[in-house]
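For reference, the structure discussed in these notes is given below.
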Protein chains: 2
Amino acid sequence: MRVTIKDVARECGISAATVSLVLNDKECRVSEATRAKILRIAAEMNYRPNHFAVGLVTRKTHTIGLIVPDVGNFHFAEMSKAIEQECRNNGYIVILGSYGESDEQAYAYFKEFIDKGVEGIIFAKPMLVELSEKDRQCFALAESASIPVVTFEPVEVQATVGVVSYDYEAGGYLASKHLIDLGHRRIGCLTGPDNMISSVARREGYKRALAEAGIPFDPTLLYEGDFAVQSGIEALPHLLGQGVTALFTFNDMMALGVYKAARQYKLKIPTDLSIVGFDDTFLNEILEVPLTSVTHPADSLGKESAKRMLSLIRGEASYEGSLFPPTLMVRGSSVRLRV
Amino acid sequence: MRVTIKDVARECGISAATVSLVLNDKECRVSEATRAKILRIAAEMNYRPNHFAVGLVTRKTHTIGLIVPDVGNFHFAEMSKAIEQECRNNGYIVILGSYGESDEQAYAYFKEFIDKGVEGIIFAKPMLVELSEKDRQCFALAESASIPVVTFEPVEVQATVGVVSYDYEAGGYLASKHLIDLGHRRIGCLTGPDNMISSVARREGYKRALAEAGIPFDPTLLYEGDFAVQSGIEALPHLLGQGVTALFTFNDMMALGVYKAARQYKLKIPTDLSIVGFDDTFLNEILEVPLTSVTHPADSLGKESAKRMLSLIRGEASYEGSLFPPTLMVRGSSVRLRV
DNA sequence: CTGTTAGCGCCTTCAA
DNA sequence: TTGAAGGCGCTAACAG
């Protein structure tokens, strides 16, 4: 059985209340002598407060919940790491939930985490344009428990939701403009699911760049993928059929799929086809033809979300949400169109 | 304020003790009628027991701690995911710690997690041949708190440590034998740090395969890497200087580095150089020349470790440790030596 | 400056 | 078959 505050008190010949006072740095009122003594003895006895007892009375747990679709995924893995570090540096620990594909599962985590007394939840879900019923329930649950939630995309719910977002539209614009500037006119677009906020935004950016350059938007150049490698493999033949000379894929994984398929078709990247990806994963530098890509810094986003969370917990709601700007990393996969 | 057991009791016109009894499925002693009523009302009121109150009295938290070097890393990300899932399926949640490079940090996590009342810790640290002082302290801490620890490599400490291990030696053997069978005699070996159990084991496997084939062991064919891409880049020129025709890298990341360097040297893989990696990450299929690699299933290892943990917690210490066997995925990067 | 007194919400005897 | 009482370890208010 661990040493309790009473043990320390007894050892000091003093009351538990005073020990508590000192150990929690409450406004002094305690003589330097006893304070020092308490500190010394507590350390000697290796006293560590019981988390449950403290939680029971203070309702503070110094724990935040992190819910992601898949920790096994690059982006979320890095993000988790950053969140974890930032929280830790501020005395918080992170409990983790990977909900896979299921909204039910995510909801179950919300419930469980709230039961466990998390002080806030970072919900790293790529949101749909139309929030699902379950999603709403998640936010409602958090609200009824009055704990803050941080998401990475704007959601219109009345709960205390902080948003740390990324400018997907600008990212889409940047990638497309880059290809246009290189002389490409028929630019294929391998999108994510059409009901996903971040995918729609990227597409808007693509359209804006086209419009600005006076290139008519051709819907047949769009191919709806699902962010997995396989999408890239499937998309390429279709888009080649449309005579594209360049391709903007909404993430790097799909670009990898395109690389793979391109080899089958004996297509040379970038001479036969320029490609721009999105996410700028570390792989891009290692590929035989390094992939030009839009940065999407999981670590910065994660860190910021954790900061946001902490400030929400502290009630500094004033802390304004940040919109991360994209930048483009130009590498070998995108070149000027040969005429 | 959430609904408490007293609220439920009042609503039922019954005592809190009885409600507790029913809700925890304690040996009946309660009439079916009241039991049903309690259950119904508790559900209606959406009663959820207070985790801290429960923890305070039962000392059960249904939480396990997971400590990894880096969640951002592929292998550990996948492993975390598997652990998380298995735990969840058994009613446990996972709190996460990513200790980076520092043993201090890992120790700090041990301390914190134990304070938070975890029932066990999965310590996914690639162990050194010689345990560090801090490592020992970690195990000692867990032992003094009498909570079980699961590691992925054998450690000789007297604490309650379960081991879920992987046969690195056999993996090293498999990779090397494959290259030998293809006619290679001068096989470079890009190792991990020499003080790492798993690296030493792979090297032993490599030596065993050589010995078996009657090829003398040549230490100049060894290059000590650190499992990062950069190591591969640096190792290649050195090993080429030794006239190797094939290369066994102790993980896939370093193999990627070799690929990258090989392009600079205008070296064709596999015709000029055969390569076998280790870990069999999903990337290997996507590379321009798919990488032959030894499987090292993070998910199975993770799942098994979670199972092991749970059985240790339940006191079923009999549950024997498992030694995962390696298999070789042969792909395009390794071919018969041309004479 | 320090101690006493009450709980926080729940579970577990023990008595009825 | 049920209820009352005590206590888990800690903190917060109020006395001294």
message: Nearest heavy atom decides the nucleotide; on that basis, is A:Pro49 or B:Ala16 closer to the 5' end of DNA chain D?
response: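 Nearest-nucleotide comparison on DNA chain D picks B:Ala16.
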Separation of [X] atom [atom1] from [N] atom [atom2], in whole Å?
| X | N | atom1 | atom2 | result |
| --- | --- | --- | --- | --- |
| B:Arg48 | C:dC10 | CZ | C1' | 15 Å |
| A:Lys37 | C:dC1 | NZ | P | 17 Å |
| B:Leu56 | D:dG7 | CG | C1' | 9 Å |
| A:Leu21 | D:dA15 | CG | C1' | 14 Å |
| B:Asn50 | D:dG9 | CG | P | 17 Å |
| B:Lys6 | D:dG3 | NZ | P | 15 Å |
| A:Arg10 | C:dG3 | CZ | P | 14 Å |
| A:Asp7 | D:dC8 | CG | C1' | 13 Å |

query: What residues form a side-chain contact (heavy atoms from CB on, under 4.5 Å) with B:Asp7, not counting sequence neighbours?
result: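 Residues passing side-chain contact (heavy atoms from CB on, under 4.5 Å) with B:Asp7: B:Val3, B:Thr4, B:Arg10, B:Met45.
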- prompt: Who are the ring-ring contact (aromatic ring centres under 6.0 Å, His included) partners of A:Phe76, not counting sequence neighbours?
  reply: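 By the ring-ring contact (aromatic ring centres under 6.0 Å, His included) rule, A:Phe76 matches no residue at all.
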Residue [X], side-chain heavy atoms: nucleotide from [options] that is nearest:
| X | options | value |
| --- | --- | --- |
| A:Thr34 | C:dC11, C:dT2, D:dG3 | C:dT2 |
| B:Ser15 | D:dA13, C:dC10, D:dG3 | D:dG3 |
| B:Tyr47 | C:dC10, C:dC8, C:dG3 | C:dC10 |
| A:Asn24 | D:dT11, C:dC10, D:dG9 | D:dT11 |
| B:Thr4 | C:dC10, D:dG3, C:dG3 | C:dC10 |
| B:Ile5 | D:dG3, C:dC11, C:dT2 | C:dC11 |
| A:Val57 | C:dG3, C:dC11, D:dC10 | D:dC10 |

task: Tell me, please, which residues at least two apart from A:Glu153 pass salt bridge (Lys or Arg N to Asp or Glu O under 4.0 Å).
output: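 Counting only residues at least two positions away or on another chain, A:Glu153 forms no salt bridge (Lys or Arg N to Asp or Glu O under 4.0 Å).
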query: Within the structure shown, what part of the strands sits under 4.0 Å from B:Val54 by heavy-atom distance: base, sugar-phosphate, or nothing?
result: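 Sugar-phosphate contact only - B:Val54 comes under 4.0 Å of backbone atoms but never of a base.
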Inter-end axis angle, the helix from C:dC1-D:dG16 to C:dA16-D:dT1, with every axis fitted to five base pairs (rounded, 10 degrees):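 Answer for the end axes of this duplex: 40°.
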Contacts under 3.5 angstrom, residues 46-56 of chain A side chains, donor-acceptor by atom type, not counting sequence neighbours:
residue : atom : partner  : partner atom : Å
A:Arg48 : NH1  : B:Asp115 : OD2          : 2.3
A:Asn50 : OD1  : A:Phe52  : N            : 2.6
A:Asn50 : OD1  : A:Ala53  : N            : 3.0

Pair B:Ser322-B:Glu304, side-chain donor/acceptor within less than 3.5 Å: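 Side-chain D/A pair, B:Ser322 to B:Glu304: present.
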- prompt: Using a cut-off of less than 4.0 Å, is there contact between a side-chain N or O of A:Arg59 and OP1 or OP2 of C:dG9?
  reply: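 Yes, A:Arg59 has a side-chain N/O under 4.0 Å of OP1/OP2 on C:dG9.
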task: Respond yes when some side-chain nitrogen or oxygen of A:Thr58 is under 4.0 Å from OP1 or OP2 of D:dT11, and no when none is.
output: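 It does not, given that no N or O in the side chain of A:Thr58 lies less than 4.0 Å from OP1 or OP2 of D:dT11.
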field: Residue closer to the 5' end of DNA chain C, B:Phe52 versus B:Thr18 (nearest nucleotide)
entry: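 Nearer the 5' end of the strand: B:Phe52.
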Salt bridge A:Glu119-A:Arg59, side-chain N to carboxylate O under 4.0 Å: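 Looking at A:Arg59 together with A:Glu119, the answer is no, because their closest N to O distance does not fall below 4.0 Å.
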- request: Among residues two or more places apart or on two chains, list those pairs meeting salt bridge (charged side-chain N to carboxylate O under 4.0 Å, His left out) that have a residue in residues 134-147 of chain B.
  value: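 Sorted result for residues 134-147 of chain B: B:Glu104-B:Lys134, B:Lys125-B:Asp135.
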Parallel, tilted or perpendicular: ring planes of A:Tyr92 versus A:His62, cut at 30 and 60 degrees: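 Rings of A:Tyr92 and A:His62: tilted, as their planes differ by 30° to 60°.
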